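Remember, it's a predicted structure, so these values are computed and weren't measured experimentally.
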Amino acid sequence: MARRDTYTPDTLLAVAVRVFNERGYDGTSMEHLSKAAGISKSSIYHHVRGKEELLRRAVSRALDGLFGILAEPGARDGRAIERLEYVTRRTAEVLMAELPYVTLLLRVHGNTDTERWALARRREFDQQVAELLKQAAAEGDLRADIDVRLATRLLFGMINSIVEWYRPERGSAEPEVAAAVVRMAFAGLRVT
């Protein structure tokens, strides 16, 4: 009796994301993916049309997590500064919870249709957060000498840098890291 592979689309996706993050998307072939998964290339094609579909599924997972934040009550209700702090904390939490997927999202270069789509969606998310910064400034809760575009870039730079050093297996607690990001960012942004 032939052995059936035990891969599901989700488990195959997890392997693909790991390999994409290790080798880079452009440096990964279907052969690399089949070896890493321990299954034949034809078994992979049973689950997906190809490598780019795996990429789209992976970055969609990261983007869905980020855009989901904007629909949460904490991101919609209250003063803009409170919503901004909420979105900042939740963005750090989603980044850590979906670390391999967000890492891949942050590493796309725009070389394929999927990568260009992902970059456009990321810019859309960034713009919505920048709007919260503008609203908080207009409401008088941010320092007047802060350039909102620069503050947006620095805020995302701080959050996105988490992918470079955060390792859950080392015992870093997600809530503590997210709280530290909010404290450090808003101590410099808020009107005192």
Side-chain angles (χ1 to χ4, degrees), residues 1-72 75 87-129 153 156-175 177-178 181:
M1 180 179 207
R3 178 187 153 275
R4 291 177 48 105
D5 74 60
T6 57
Y7 274 85
T8 65
D10 286 340
T11 57
L12 180 59
L13 183 61
V15 169
V17 168
R18 180 178 50 80
V19 176
F20 291 158
N21 281 332
E22 289 170 359
R23 301 186 61 83
Y25 176 74
D26 293 333
T28 301
S29 68
M30 290 302 282
E31 183 70 25
H32 294 124
L33 295 174
S34 72
K35 284 182 181 176
I39 59 176
S40 68
K41 285 192 279 187
S42 62
S43 293
I44 293 174
Y45 287 116
H46 173 74
H47 295 290
V48 295
R49 286 184 302 275
K51 184 174 91 160
E52 192 156 357
E53 182 179 336
L54 288 165
L55 177 65
R56 187 166 188 101
R57 287 182 183 185
V59 296
S60 290
R61 180 168 164 169
L63 288 163
D64 290 349
L66 293 174
F67 277 95
I69 294 166
L70 299 176
E72 295 172 1
V87 169
T88 300
R89 181 176 50 261
R90 290 289 294 126
T91 300
E93 290 169 354
V94 166
L95 183 147
M96 290 179 285
E98 299 289 347
L99 188 64
Y101 299 90
V102 176
T103 299
L104 182 61
L105 173 63
L106 294 174
R107 292 181 178 166
V108 297
H109 300 293
N111 297 331
T112 67
D113 288 340
T114 297
E115 289 178 292
R116 286 185 289 280
W117 169 81
L119 289 172
R121 293 286 288 156
R122 257 187 66 205
R123 279 190 296 276
E124 183 183 335
F125 180 81
D126 293 356
Q127 289 167 352
Q128 290 188 36
V129 176
R153 287 186 178 119
F156 280 113
M158 181 171 46
I159 294 168
N160 294 343
S161 74
I162 294 170
V163 302
E164 301 303 327
W165 57 264
Y166 178 74
R167 300 295 174 263
E169 65 275 6
R170 293 185 189 154
S172 300
E174 291 175 23
V177 172
V181 168

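In this structure, the side chains of E98 and L105 stay at 4.5 Å or more apart for every pair of heavy atoms. For the pair L63 and R122, the minimum side-chain heavy-atom distance is below 4.5 Å. Here the side chains of M30 and Y45 are in contact, with some heavy-atom distance below 4.5 Å. Looking only at side-chain heavy atoms (C-beta outward), F20 and R107 stay at 4.5 Å or farther from each other. Proximity of W165 to V177: side-chain heavy atoms (C-beta onward) are separated by under 4.5 Å at one or more points. Contact of the T91 side chain with the F125 side chain is registered, since non-hydrogen atoms from C-beta on lie closer than 4.5 Å.
Remark: I162 CD1 to E93 CD distance equals 10.0 Å, nearest 0.5 Å. Rounded to the nearest 0.5 angstrom, L33 CG and L12 CG are separated by 7.5 Å. The CD atom of E31 lies 9.0 Å from the CD1 atom of I44; values are rounded to the nearest 0.5 Å. Between the CG atom of L13 and the OG1 atom of T8 there is a distance of 9.0 Å, given to the nearest 0.5 Å. Here the CZ atom belonging to F156 is positioned 10.5 Å from the CG atom belonging to L106, to the nearest 0.5 angstrom. The NE2 atom of H109 sits 13.5 Å away from the CZ atom of R116 when rounded to the nearest 0.5 Å.
For R61 and D64, the salt-bridge test fails: no basic side-chain N is under 4.0 Å from an acidic carboxylate O. Look at E52 and R56 and you find no salt bridge, because none of the NZ, NE, NH1 or NH2 atoms lies under 4.0 Å from a carboxylate O.
The shortest non-hydrogen separation linking Y101 to A58 is CD2-O, 3.7 Å. Considering all non-hydrogen atoms of both residues, V94 and V102 come closest at O-CG2, 4.3 Å. The two residues N21 and P100 come nearest to each other via the heavy atoms ND2-O, 2.9 Å. The two residues V15 and A37 come nearest to each other via the heavy atoms CG1-N, 3.9 Å. Of all heavy-atom pairs spanning A178 and M96, the tightest one is N-CE, 3.9 Å. Closest of all the heavy-atom pairs between E53 and H47 is OE2-O, 4.3 Å.
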Between T103 and V17, is a side-chain contact (heavy atoms from CB on, under 4.5 Å) present by the stated rule, with each step listed?
CA-CA 9 Å; T103 299; V17 168; over 6 Å; no
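Distance alone, capped at 3.5 Å, is enough to place a donor-acceptor pair between the E115 side chain and the T112 backbone. When atom types are taken as modelled, the side chain of K51 and the backbone of A16 share no donor-acceptor pair closer than 3.5 angstrom.
Donor-acceptor pairing under 3.5 Å is lacking for the side chains of H46 and S43.
Both tests pass for R121 against the ring of F67: distance under 6.0 Å to the centre and angle within 45° of the axis.
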